[in-house]
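So the structure is just underneath, and the comments pick up after that.
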Number of protein chains: 2
Amino acid sequence: MVGKTLTRNDVARKAGVSPATVSYIINDGPRHVADSTREKVLQAIKELGYQPNAVARSLRMQKSNIIGLIIPDNKNTFFAEVALGVEQVAFENNFNVIMCHSAYKQEREMAYVDMLISHQVAGVIWIPCSQDVRAAQELKRFHKPFVLVDRVISNVNSPSIVVDNFQAGFQVTQHLVSLGHQKIGYIDRSVDMSNNMDRLRGYRAALEEANVKFDPNLVTRGGFRHEDGYAACKRLLSIQDPPTAIIAYNDMNAIGVMDAAHELGLRVPQDLSVAGIDNLAFSKYSFPPLTTVDIPKFEMGIASTKLLIELIKGDSQSEQIITCCTVHLKVRSSTSVPSTTPIRLIKSLIEME
Amino acid sequence: MVGKTLTRNDVARKAGVSPATVSYIINDGPRHVADSTREKVLQAIKELGYQPNAVARSLRMQKSNIIGLIIPDNKNTFFAEVALGVEQVAFENNFNVIMCHSAYKQEREMAYVDMLISHQVAGVIWIPCSQDVRAAQELKRFHKPFVLVDRVISNVNSPSIVVDNFQAGFQVTQHLVSLGHQKIGYIDRSVDMSNNMDRLRGYRAALEEANVKFDPNLVTRGGFRHEDGYAACKRLLSIQDPPTAIIAYNDMNAIGVMDAAHELGLRVPQDLSVAGIDNLAFSKYSFPPLTTVDIPKFEMGIASTKLLIELIKGDSQSEQIITCCTVHLKVRSSTSVPSTTPIRLIKSLIEME
DNA sequence: TTGTAAGCGTTATCAC
DNA sequence: GTGATAACGCTTACAA
């Protein structure tokens with residue numbers, strides 16, 4: 001090939017058949033083709049090095065084989081792993097994935113939804129970053145099937161794949177309570193999405209079940225980064241009756257908590273128990289004091305894409321089916337309630353500042 | 001819209017103009033349109049909620065606004081950050097990114113290259129995972145501009161964005177030598193790509209400059225994961241004359257080294273200096289003993305995509321221009337050569353096993 | 001079993 | 001300044 005694009009017609013001419021026949025061979029249907037003809041055509045395709053034009057196909061079919069994936073931040077291992085699961089299933093099913101990075105911005109989500117519609121995508125996998133319904137409405141208006149992942153949006157009826165965040169919060173709290181902790185600090189995110197709200201409900205339910213009174217002062221809000229955990233820990237340890245254990249939002253967050261604790265002279269877990277929900281850390285050896293609830297990110301990507309492809313193929317209406325992936329508590333060290341002495345000590349240290 | 005797709009014709013009819021006029025307004029050219037007409041049309045677009053069909057456009061233009069991105073593993077922060085840079089520049093320039101995950105497999109790269117060609121992509125950003133030239137040849141055959149990132153392929157003439165891996169290896173080695181280390185262990189990858197070969201050259205050059213004899217026994221090969229560092233460290237510490245410092249492939253790897261060292265009762269960095277090239281760890285507080293050379297991953301993504309877009313627009317022939325992003329040594333702790341006692345101790349411990 | 005041809009929604013080259 | 005119309009490469013209903 002030089003200037004001219006190689007098309008199905010070229011293949012047909014070379015093989016001495018009609019373009020339609022070439023189509024039937026490439027698509028393996030819907031019409032049957034004689035073996036001898038098939039042979040000739042496949043030979044011609046090979047010799048010419050022909051690649052079918054997916055764009056022309058999409059135009060004709062009014063639908064491309066592209067799946068849109070909208071994630072808030074690919075740098076975050078959580079989302080990156082979901083993306084990997086999506087890509088895997090897509091690849092296996094001959095779909096391609098357009099990567100859309102919302103950067104936690106609603107207007108970018110919106111811009112991407114329009115772009116995806118413009119590309120006639122077959123469907124969309126979406127980890128939303130707000131409770132805004134407009135992007136979802138737009139997708140519905142154009143009859144694009146979509147699956148929400150990790151968070152659900154109130155007032156949006158659509159299939160969703162989430163993890164059992166309630167259980168995540170419940171299990172980790174229950175574990176700490178079983179070790180004797182009564183004052184358990186909790187780091188919540190500052191934005192209200194379904195996932196963190198569910199986790200907090202789990203935390204409260206576990207406390208209630210154990211007849212531990214819920215103390216709002218033990219709940220602090222922040223982000224999920226290392227520095228947020230660091231700050232949250234300092235905040236929690238400076239209150240009147242400081243916690244003996246802290247539940248962080250995720251590992252990154254938890255390491256921040258641990259670093260703050262170490263800086264204050266507290267040993268983890270002897271003086272302060274630290275637990276995380278969602279294991280982001282790559283090292284399985286480096287943070288023995290840390291107990292976490294594992295979130296199956298890759299599996300969420302897999303499950304959501306399988307579901308989406310079903311929706312695409314069946315073209316059934318998307319009803320709201322919420323599928324929960326199970327979570328697993330991973331206890332790395334069990335330490336019961338520390339003597340309160342070091343905490344008191346720290347408290348006074350902080351007050352002196 | 002219900003069953004029927006909303007097209008440019010609908011807009012034209014509604015606005016009482018011809019479809020061509022609508023085109024000129026949407027594309028802002030190549031023909032001028034009277035302001036009053038423009039107003040009418042924009043109004044109609046808004047009222048109908050019309051989205052242009054990118055697929056039809058791509059077919060007509062013989063080229064889509066999609067950029068293919070081939071990366072080995074999105075779970076690895078390194079590649080995920082490159083991807084983020086790519087996506088950002090693409091978004092700013094109205095390109096979309098198809099995410100292709102090669103899983104380090106040459107045949108998957110190949111499959112994706114064909115898929116991308118089929119989608120009439122405008123160009124490809126590619127982090128290759130082997131020295132195989134076939135995928136590159138295929139891209140050239142279809143006149144697809146592409147940019148290699150992080151690694152170059154011998155015998156493939158194409159623009160490449162890499163970091164100065166030689167400097168990375170050189171600087172970190174020089175730093176350790178300046179602390180007095182003479183026996184510096186080096187963990188190399190087991191696959192030969194340009195990046196690790198360049199780093200090793202840097203290591204050797206720094207040794208030579210300091211008149212330290214290169215000892216092949218101090219170089220061990222493995223992967224870049226945590227466990228690989230762990231194993232490599234044990235291997236390096238068990239040789240006749242064990243190193244007093246170890247250069248790991250990246251942070252993940254380095255933490256494995258540290259964990260192995262800790263397990264053997266060695267304190268880092270007092271008893272063993274550990275350095276990494278490429279900071280993957282999210283925590284800036286947690287690993288104070290670790291000195292690294294930072295690799296600007298995001299910036300590589302940015303630079304490569306800017307270059308690719310230039311190639312796409314200028315449609316200039318891709319010559320081999322290798323652009324190096326600079327690297328920065330980040331010293332977190334400086335410890336000179338430890339007494340050899342603990343090393344000896346460990347050595348005998350290992351031998352006893 | 002195979003060939004012919006209409007049409008998918010654009011863009012661009014004609015006319016007017 | 002604007003309107004008609006011929007491609008772009010493919011799928012598939014309809015002929016043969």
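Side chains included, hydrogens not; waters and symmetry mates left out as well; all remaining heavy atoms used. Computed from a predicted model, the values in this text were never measured in an experiment. Protein chains get the first letters and strands the later ones, always in sequence-line order, with residue 1 at the start of each.
Taking atom CD on B:Q120 and atom P on D:dC10, their separation rounds to 8 Å, with Å as the unit. Per the geometry, CZ belonging to B:R8 stands 21 Å off P belonging to C:dG7, to the nearest Å. For A:H119 and C:dT10, the NE2 to P distance is 13 Å, given to the nearest whole Å. Summarising the geometry, the separation between CZ on A:R38 and P on C:dT1 is reported as 11 Å, rounded to the nearest angstrom. In this entry the distance linking CG of A:L59 with C1' of C:dT11 reads 13 Å, nearest Å. Between the CD1 atom of B:I26 and the C1' atom of C:dG9 there is a distance of 11 Å, given to the nearest Å. In this structure, CD1 of A:I45 is placed 10 Å from P of D:dC10, rounded to the nearest angstrom. The distance from atom CD of A:Q62 to atom C1' of C:dC8 is 6 Å, rounded to the nearest whole Å.
For the side chain to side chain donor-acceptor pair (under 3.5 Å) test, residues two or more places apart in sequence or in another chain that qualify with A:D192 are A:R221. Scored by the side chain to side chain donor-acceptor pair (under 3.5 Å) test, B:E299 finds no partners at all (sequence neighbours excluded). Scanning for side chain to side chain donor-acceptor pair (under 3.5 Å) contacts around A:Q137 gives an empty result, with sequence neighbours left out. For A:S18, the side chain to side chain donor-acceptor pair (under 3.5 Å) partners are A:T21, not counting sequence neighbours.
Evaluation of the ring-ring contact (aromatic ring centres under 6.0 Å, His included) test over residues 91-141 of chain A, restricted to residues two or more places apart or in two chains, returns A:F91-B:Y112, A:Y112-B:F91. Judged as a salt bridge (charged side-chain N to carboxylate O under 4.0 Å, His left out), the pairs with a partner in residues 127-137 of chain A (not counting sequence neighbours) are, in order, A:D132-A:R134. Listed by first and then second residue, the ring-ring contact (aromatic ring centres under 6.0 Å, His included) pairs that reach into residues 53-75 of chain B come to none, sequence neighbours excluded.
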List every contact pair, protein side and nucleotides 4-7 of chain D side both N or O, where the distance is under 3.5 Å.
unit_1	atom_1	unit_2	atom_2	d
D:dA7	N3	B:R60	NH1	3.1

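A sub-4.0 Å separation between OP1 or OP2 of C:dT11 and a side-chain N or O of B:S23 is present. Not one side-chain nitrogen or oxygen of A:N9 sits closer than 4.0 Å to the OP1 or OP2 atom of D:dG9. For the OP1/OP2 pair of C:dT11 and a distance below 4.0 Å, the side-chain nitrogens and oxygens of B:N27 include at least one atom meeting the criterion. For A:R57 and D:dT11, the shortest distance from a side-chain N or O to OP1 or OP2 is below 4.0 Å. Proximity of A:T5 to the phosphate of D:dC8: no side-chain N or O atom is located under 4.0 Å from OP1 or OP2. For B:T7, no side-chain nitrogen or oxygen approaches OP1 or OP2 of C:dC8 to under 4.0 Å. For B:T37, no side-chain nitrogen or oxygen approaches OP1 or OP2 of D:dG1 to under 4.0 Å.
Where B:A56 and B:S36 each meet DNA chain D at their nearest nucleotide, the meeting point lying more 5' is that of B:S36. Both B:D35 and B:M61 lie near DNA chain D, and the one whose nearest nucleotide falls closer to the 5' end is B:D35.
With hydrogens and angles ignored, the 3.5 Å screen pairs no side-chain donor or acceptor of A:S118 with any backbone N or O of B:N53.
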Handout entry: Pair A:S102-A:E109, side chain to side chain contact (heavy atoms under 4.5 Å, CB included): steps then yes or no
Key = CA-CA 5 Å; A:S102 70; A:E109 286 184 333; 3.5 Å; yes

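Note on A:K75 versus B:E87: no salt bridge recorded, every NZ/NE/NH1/NH2 to OD/OE distance being 4.0 Å or above.
Comparing the end axes of the helix from C:dT1-D:dA16 to C:dC16-D:dG1, each fitted to five base pairs by superposing C1' atoms of four pairs onto the next four, gives an inter-axis angle of 40° (nearest 10 degrees).
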